[in-house]
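Have a look at this one.
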Amino acid sequence: MRVRRQSLQPDRPTLRRSAPATADIAGRYQTRSHPMSAQQPGAEASSDLDDLRYRMRHSAAHVMAEAVIKLFPEAQIAIGPPTEDGFYYDFEVSRPFTPDDLEQIDSLMRETIKADRPFSGVTLSRDAALERFDDQKFKVELITDLPEDEEITVWSHESWEDLCAGRHADSTGQIGAFKLLSVAGAYWRGDESREMLQRIYGTAWENKKELDAYLERIEEAERRDHRRLGRELDLFFFDPIAPASPFFLPKGTVILNELNAYVKDLYVKYGYQEVTTPQIFNTDLWKQSGHYDNYIENMYMMNVDEREYGVKPMNCPAAAMLYAANTHSYRELPIRYADHGRLHRYERSGVTHGLMRVRTFTQDDAHIFATLDQIAGEVNSFIEMLDEAYAVLGFGEIRLALSLRPEKRVGTDEMWDRAEAALSEVLEASGRQYGAEEGEGAFYGPKIDFFVPDALGREWQLGTVQLDFSLPERFDLEYAAEDGSLQRPVVIHRAMLGSVERFLGVLIEHTAGALPIWLSPVQATVIPIADRHVPFGEGVVEKLRSAGVRADVDAGNDRMNAKIRAAQGRKTPYMLVVGDREQEANQVAVRERSGGNLGAVDIDDFVARVVEEIATRA
RNA sequence: GCCAACGUAGCUCAGAGGUAGAGCAGCUGUUUCGUAAACAGCAGGUCACAGGUUCAAUUCCUGUCGUUGGCUCCA
């Protein structure tokens, strides 16, 4: 499956996409370990199979390019690597591909595969290669950019040859079952300022059974799409009147509130103080923070009484102001200010996506003001808290990335050395896997991001912890050190859920909407068998509500079977059937969302059981 | 922002140059039922918005807005 990585900085959601398995022109197979990606079962992911899939997908890309050139002789071909679940190839063509084109390309490919042409590779000199591809400008550019000593190879399957460092199938017949999936625009070399190419995505598997299984996984993922479930479960919706801004219905709001309440419980345990800050600030603040210069395009600005204001896109400057409102001693540090303020960012059209990337959202955001020596302890404590919460929420597939200093940055090298060392020491000590990514840090400091995949395997950044040297400078933050000197604290931005909206989106896709009971908008629904049982059912609801359980009664005149079906559709954890027998014995017949029938239980026993489950966030 | 597709009832969709249809949901009535869909009826739409072509546009064209899939971006 295609994998995207989306990062959410404490002040902003970010998305980076990279093909998980890509081959550059030299054919180097670059992959990253994705222990979490929702892929095929691990059992069949033997390295031999991976190798076969890599080679046949890479070969399928070549075969596809050949077909495209047959249909579009003038096409300029770019690159066509295998991906984690298939392949793509980029072309520059006179007009975009249509579904009809794809069908023709598909049948030409099948002919080539049937012909079972063997693959072979040859090494060429630079000049020979340039001559061979002199009518293909992208290939010429690739060859020209190759290092002098790079070996240049051409791979062919008789009827077609392509600049490529290879690893191909033995012959085209080895390409198993494939399917062309979609056409999409993509920039040449991923550069917004270069040509917009037409990319055809395909998937390929060793046999039809695997292909069908893959397509079935995609369909299943679509059934778990949080946008669809959000509608079906009456959690939230979107309206063009407020683009990319969710309206949360009562049920969705219950979930958000429960998530926030949980985070705030953890704040007590981990020593945070919650603060509340304004929504709109005079632009002087954004000029001081640097956001005015760098991010005004993404801010909502307004003029009132001839003064300019900006709606906050992040909480950091307000946190800095809170800190600066008093003098501080080293004895007070670290200070941890949590701020779940509402943020607004004008995201460019085309980048928004359901709850995952929106224009208004909240973060479980906090800023820690600390000494350099306290960094490791604070980061450690944060990761501990995150682990605790993600375990409760059932997120097992987390990828950690340590993002190191970018070229454009603030702060001295010595500070970066210390900060990066602090983060990697924490990670090493934790013994967990992580990838170090050069140049991916924020301009103000290095960070650790926590990625979790959605139903389609697209990764989204949820948690993050970032060190910041810039903010304390810009706001002239200080503390009195032990020796009486004034020192600069470091700021640690951290968000555990990240954007609460995005977190909910990922959570819905992980659970297919069947949220744990403590997060369920309705925790138990009473199903009277006949009208005469409704009053008794209402009494049951009253008892549950008195105990703090969100319960309702389905008093409609549907049959019991239909009510159960409806409640299953709403993913209600418990269905309590009440009829003559239950009323007689003051019991409820308990049915679980999973289908289990627990039989008749005394009402008080059931209440106690549910209250316990909710309290322990089981 | 870029490439492309799409926008018809609350939801999922069908439809055609002559002012619209289904299923589900909703409402009403009948039924009062034992663990995943009782039956019948009713109601519900300026066919996203704005221009244009045409005797006639929801249908064709253009633009705008929105959404979807990618690309790029993401303090």
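Lettering follows sequence order; numbering is per chain, from 1.
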Greater than 12 external heavy atoms within 6.0 Å of A:Glu297's CD: no

Whole angstrom value for the distance that separates C1' of B:C73 from CZ of A:Arg189: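 The distance from CZ of A:Arg189 to C1' of B:C73 comes to 20 Å, rounded to the nearest Å.
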
A:Tyr88 six-ring face occupied by A:Arg199 cation (under 6.0 Å, within 45°): yes

Sugar-phosphate, base or nothing in reach of A:Asp580, heavy atoms under 4.0 Å: base

For nucleotides 10-16 of chain B, list the nitrogen or oxygen atoms of the protein found under 3.5 Å from its nitrogen or oxygen atoms, one pair per line.
none

Under-3.5 Å donor-acceptor pair between A:Arg357 side chain and B:C73 base: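 By the distance-only test, yes, there is a pair.
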
Check: A:Thr277/A:Lys312 side-chain N/O donor and acceptor closer than 3.5 Å: yes

Side-chain N or O of A:His353 closer than 4.0 Å to phosphate OP1/OP2 of B:G69: yes

Residue A:Lys179 excluded, over 12 heavy atoms near NZ under 6.0 Å: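 No, the 6.0 Å shell around NZ holds no more than 12 heavy atoms from other groups.
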
Ring geometry between A:His291 and A:Trp286 (parallel below 30°, tilted from 30 to 60°, perpendicular above 60°): perpendicular

Gap in Å between the two P atoms, one belonging to B:A5 and one to B:A40, rounded: 43 Å

For RNA chain B, the dot-bracket pattern of Watson-Crick and G-U pairs whose distances stay under 3.5 Å, | for other-strand partners: (((((((..((((....[..)))).(((((.......))))).....(((((..]....))))))))))))....

Contacting residues from residues 552-559 of chain A, given that a heavy atom lies under 4.0 angstrom of RNA chain B: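 Of all residues in residues 552-559 of chain A, the ones placing a heavy atom under 4.0 Å from RNA chain B are A:Asn557, A:Arg559.
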
Positions of residues 277-290 of chain A (non-hydrogen atom under 4.0 Å from RNA chain B), listed by number: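 Close to the strand, none.
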
Pairwise 5' ranking along RNA chain B for A:Asp531 and A:Asn561, keeping only the more 5' one: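 Its nearest nucleotide lies further toward 5', so the answer is A:Asp531.
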
Separation of the P atoms in B:A48 and B:C6, to the nearest angstrom: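 After rounding to an integer number of Å, I get 13 Å for this pair.
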
Residue pair A:Leu249 / A:Asp234: nearest heavy atoms and the distance that separates them: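 Heavy-atom minimum between the residues: CB-O, 3.4 Å.
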
Touch class at under 4.0 angstrom, heavy-atom based, for A:Arg532 against every strand present: sugar-phosphate

C1' atoms of B:A9 and B:G23, separation to the nearest Å: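 About 12 Å, rounded to a whole number of Å.
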
Parallel, tilted or perpendicular, as decided by the 30° and 60° cut-offs, for the rings of A:Trp188 and A:Phe138: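 Rings of A:Phe138 and A:Trp188: tilted, as their planes differ by 30° to 60°.
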
Sugar-phosphate, base or nothing in reach of A:Gly190, heavy atoms under 4.0 Å: sugar-phosphate

A:Arg591, nearest nucleotide to its side chain (from B:U35, B:A37, B:C73):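 Taking heavy atoms from C-beta onward, the closest nucleotide is B:U35.
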
Spacing of the C1' atoms in B:G34 and B:G10 (rounded, Å):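 Each nucleotide's C1' atom is 32 Å from the other's.
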
Phosphate OP1/OP2 of B:G69 contacted by A:Arg199 side-chain N/O (<4.0 Å): no

Of A:Pro240 and A:Met299, the one whose closest RNA chain B nucleotide lies more 5': A:Pro240

d(CD, A:Glu347; P, B:U72) in whole Å: 16 Å

Flag for A:Thr360-A:Arg342: side-chain donor and acceptor within less than 3.5 Å: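 Yes, side-chain donor-acceptor contact under 3.5 Å.
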
Nearest-Å distance once atom C1' is located in both B:A57 and B:C47: 11 Å

Those residues of residues 568-578 of chain A lying under 4.0 Å from RNA chain B by at least one heavy atom: A:Gln568, A:Val577

Rounded interatomic separation in angstrom, taking NE2 from A:His226 and P from B:U67: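 Taking atom P of B:U67 as the reference, NE2 of A:His226 is at 12 Å.
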
Separation of the P atoms in B:A4 and B:A16, to the nearest angstrom: 26 Å

Parallel, tilted or perpendicular: ring planes of A:His367 versus A:His493, cut at 30 and 60 degrees: perpendicular

Distance, nearest 0.5 Å, that separates NZ of A:Lys447 from CG of A:Leu423: 11.5 Å

Lys NZ or Arg CZ of A:Arg399 over A:Phe451 ring: under 6.0 Å, within 45°: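 Pair A:Arg399/A:Phe451 counts as cation-pi.
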
Base versus backbone protein contacts along nucleotides 1-6 of chain B [heavy-atom cut-off under 4.0 Å; B, S, -]: BBBS--

Side-chain donor-acceptor contact under 3.5 Å, A:Gln568 with A:Arg591: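 There is such a pair (donor and acceptor under 3.5 Å, judged by atom type) between the side chains of A:Gln568 and A:Arg591.
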
Within 6.0 angstrom of A:Met301 CE, more than 12 heavy atoms from elsewhere: yes

A:Glu592 CD - B:A36 P separation (whole Å):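 From A:Glu592 CD to B:A36 P: 14 Å.
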
Interatomic distance at C1', B:U12 relative to B:U19, whole Å: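 Result for the C1' pair: 25 Å, nearest Å.
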
Gap between atoms CZ and P, on A:Phe237 and B:G66 respectively (whole Å):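 Whole-Å distance recorded here is 17 Å.
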
P spacing across the pair B:U59 / B:A50, given as an integer number of angstrom: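 One P to the other, the span is 12 Å.
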
A:Lys563 NZ to B:A38 P, straight-line distance once rounded to whole Å: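 Rounded to whole Å, this separation is 11 Å.
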
Euclidean distance, atom OH of residue A:Tyr201 to atom P of B:U68 [Å, nearest integer]: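 After rounding, the reported distance stands at 17 Å.
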
Side-chain donor-acceptor contact under 3.5 Å, A:Ser193 with A:Asp191: yes

